[in-house]
*Asks:* 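Below you will find the structure I want to go over with you.
When reading the values below, keep in mind they use all heavy atoms of this one structure, side chains included, and skip hydrogens, waters and symmetry mates. Please read all numbers here as calculations on a predicted model, not as lab measurements. Every chain is numbered from 1 and lettered A, B, ... according to where its sequence line falls, protein lines coming before strand lines.
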Amino acid sequence: MKLPRSFYDRPTLDVARDLIGKVLVHNRRGVVTSGVIVELEAYIGESDPACHAAPGPTRRNEPLYGHPGYSYVYLNYGIHSLVNVVTESHGRPAAILIRALDPLDGIEVMRRRRGGTMKGRRTRGDRNPLARHELCRGPGNLTMAMGITLAENRLDLLGDRLYIEDRAIPAGALAWGPRIGIRVGTQHPWRAWVEGHPAVSRA
DNA sequence: CGTTCGATGCACT
DNA sequence: GTGCATCGAACGT
């Protein structure tokens, strides 16, 4: 069943803890892809220097100041769309970055989306298909596999296009540590993952 | 193994 | 003009 608004309207670290093991679903014109969330990072408030809300309200970070249970998608390094889930409420800007999934539905669609070219060259042939645990490893890879782009920014996660379900899937042991890939705010242990899962970034 | 570095677009100063 | 919440190709051991 789909997670209700009240799930997201809570302290961000509580939402983060409970999101591990839940299922992110994208229905793009009837093409469904989904996966179990196995890695994420929390970005909390204007006082968190790594949070996009650190400079205060801007046009880009507007979703962070909006309602909980909405998507926040932005373009990173000009190439990767990264997907976040907005949490809390009452104008407190916070969100959770989804970093890795264990794919469930649409695995062949994911393989097709992850294939392709770079600099006009084939990067991966049909002979060397990605393993299941590689399809959604990393925040840029998972959005590519699921077909999540800037068009999926500001979507209500209680809608039918992009949402999160509780399918009561047993997750492994939960671990916490510093966030990775950032240059500031590394002192906060706000990255969570399923211990030992092969889709989790090796930090 | 390891490290470096280019691709690429947009928000923000 | 600068700097990214990245990825993987291309090098050097």
*Asks:* Just jot down the side-chain contact (heavy atoms from CB on, under 4.5 Å) partners of A/S201, sequence neighbours excluded, or say none.
*Replies:*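 Checked A/S201 against side-chain contact (heavy atoms from CB on, under 4.5 Å); matches are A/E39, A/R99, A/I180, A/R191.
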*Asks:* Kindly express the pairing pattern of DNA chain C in dot-bracket notation, using | wherever a base pairs with another strand and counting only Watson-Crick or G-U pairs under 3.5 Å.
*Replies:* ||||.|||||||.
*Asks:* Figure out the CG/C1' separation between A/N153 and B/dA11, and round it to whole Å.
*Replies:* 13 Å
*Asks:* Around atom NE2 of A/H67, are there more than 12 heavy atoms of other residues, nucleotides or ligands at under 6.0 Å?
*Replies:*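 It does not: A/H67 NE2 has 12 such atoms or fewer within range.
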*Asks:* Residues from residues 65-82 of chain A sitting under 4.0 Å of DNA chain C, heavy atoms only?
*Replies:* A/Y74, A/N76, A/Y77, A/H80, A/L82
*Asks:* Pairs in or reaching into residues 138-147 of chain A: which pass side chain to side chain donor-acceptor pair (under 3.5 Å), with residues at least two apart or in two chains?
*Replies:*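 Listed by first then second residue: A/R114-A/N141.
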*Asks:* Within less than 4.0 Å of OP1 or OP2 of C/dA5, is there a side-chain N or O belonging to A/R99?
*Replies:*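 Answer no for this pair, as no side-chain N or O of A/R99 is under 4.0 Å from OP1 or OP2.
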*Asks:* Enumerate the residue pairs fulfilling salt bridge (charged side-chain N to carboxylate O under 4.0 Å, His left out) with a member in residues 79-96 of chain A, sequence neighbours excluded, ordered by first and then second residue.
*Replies:*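 Every salt bridge (charged side-chain N to carboxylate O under 4.0 Å, His left out) pair that includes a residue of residues 79-96 of chain A, provided the two are not neighbours, is A/E88-A/R92.
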*Asks:* Show me the pairs that pass salt bridge (charged side-chain N to carboxylate O under 4.0 Å, His left out) and involve residues 145-155 of chain A, at least two apart or across chains.
*Replies:*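 For residues 145-155 of chain A, and leaving out neighbouring residues, the salt bridge (charged side-chain N to carboxylate O under 4.0 Å, His left out) pairs sorted by first residue read A/E62-A/R154, A/E152-A/R161.
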*Asks:* May I have the distance from A/E134 (atom CD) to C/dT6 (atom C1'), rounded to whole angstrom?
*Replies:*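 Atom CD in A/E134 sits about 16 Å away from atom C1' in C/dT6.
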*Asks:* When rounded to the nearest Å, what value does the distance between C1' atoms of C/dG8 and B/dC10 take?
*Replies:* 22 Å
*Asks:* Considering only residues two or more places apart or on different chains, which pairs with a residue in residues 21-35 of chain A satisfy salt bridge (charged side-chain N to carboxylate O under 4.0 Å, His left out)?
*Replies:* none
*Asks:* If you look at every strand shown and take non-hydrogen atoms under 4.0 Å, does A/N141 touch a base, only sugar-phosphate, or nothing?
*Replies:* sugar-phosphate
*Asks:* Take the protein atom CG of A/L150 and the nucleotide atom P of B/dT8, then report the distance between them rounded to whole Å.
*Replies:*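 A/L150 atom CG is separated from B/dT8 atom P by 16 Å.
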*Asks:* Within this structure, what is the CD1-to-C1' distance between A/I148 and C/dT6, rounded to whole angstrom?
*Replies:* 16 Å
*Asks:* Rounded to the nearest angstrom, tell me the gap between atom CE in A/M144 and atom P in B/dA7.
*Replies:* 17 Å
*Asks:* Nearest whole angstrom, please: distance from the P of C/dC7 to the CZ of A/R202.
*Replies:*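 Distance check: A/R202 CZ to C/dC7 P gives 14 Å.
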*Asks:* Using whole Å, what does the distance between atom P of nucleotide C/dT6 and atom CZ of A/R137 come to?
*Replies:*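 Going from A/R137 (CZ) to C/dT6 (P), I get 15 Å.
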*Asks:* Is it possible for you to check whether A/R5 lies under 6.0 Å from the centre of the six-membered ring of A/Y8, through NZ or CZ, and within 45° of that ring's axis?
*Replies:* no
*Asks:* Over all strands shown, is A/R183 touching base, sugar-phosphate only, or nothing at heavy-atom distances under 4.0 angstrom?
*Replies:*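 Counting heavy atoms under 4.0 Å across all strands, the contact made by A/R183 is with sugar-phosphate only.
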*Asks:* Using the test side-chain contact (heavy atoms from CB on, under 4.5 Å), find all partners of A/I169 that sit at least two apart in sequence or belong to another chain.
*Replies:* A/V23, A/V36, A/L104, A/R167
*Asks:* For A/R114 and C/dG8, is the shortest distance between a side-chain N/O and OP1 or OP2 below 4.0 Å?
*Replies:* yes
*Asks:* Members other than A/L97 in its cluster, when Ile, Leu, Val, Met, Phe, Trp, Tyr link by side-chain heavy atoms under 4.5 Å?
*Replies:* A/Y43, A/L64, A/Y65, A/Y72, A/Y74, A/L82, A/V86, A/I182
*Asks:* How long is the line joining CG of A/N61 and P of B/dA11, in whole Å?
*Replies:* 12 Å
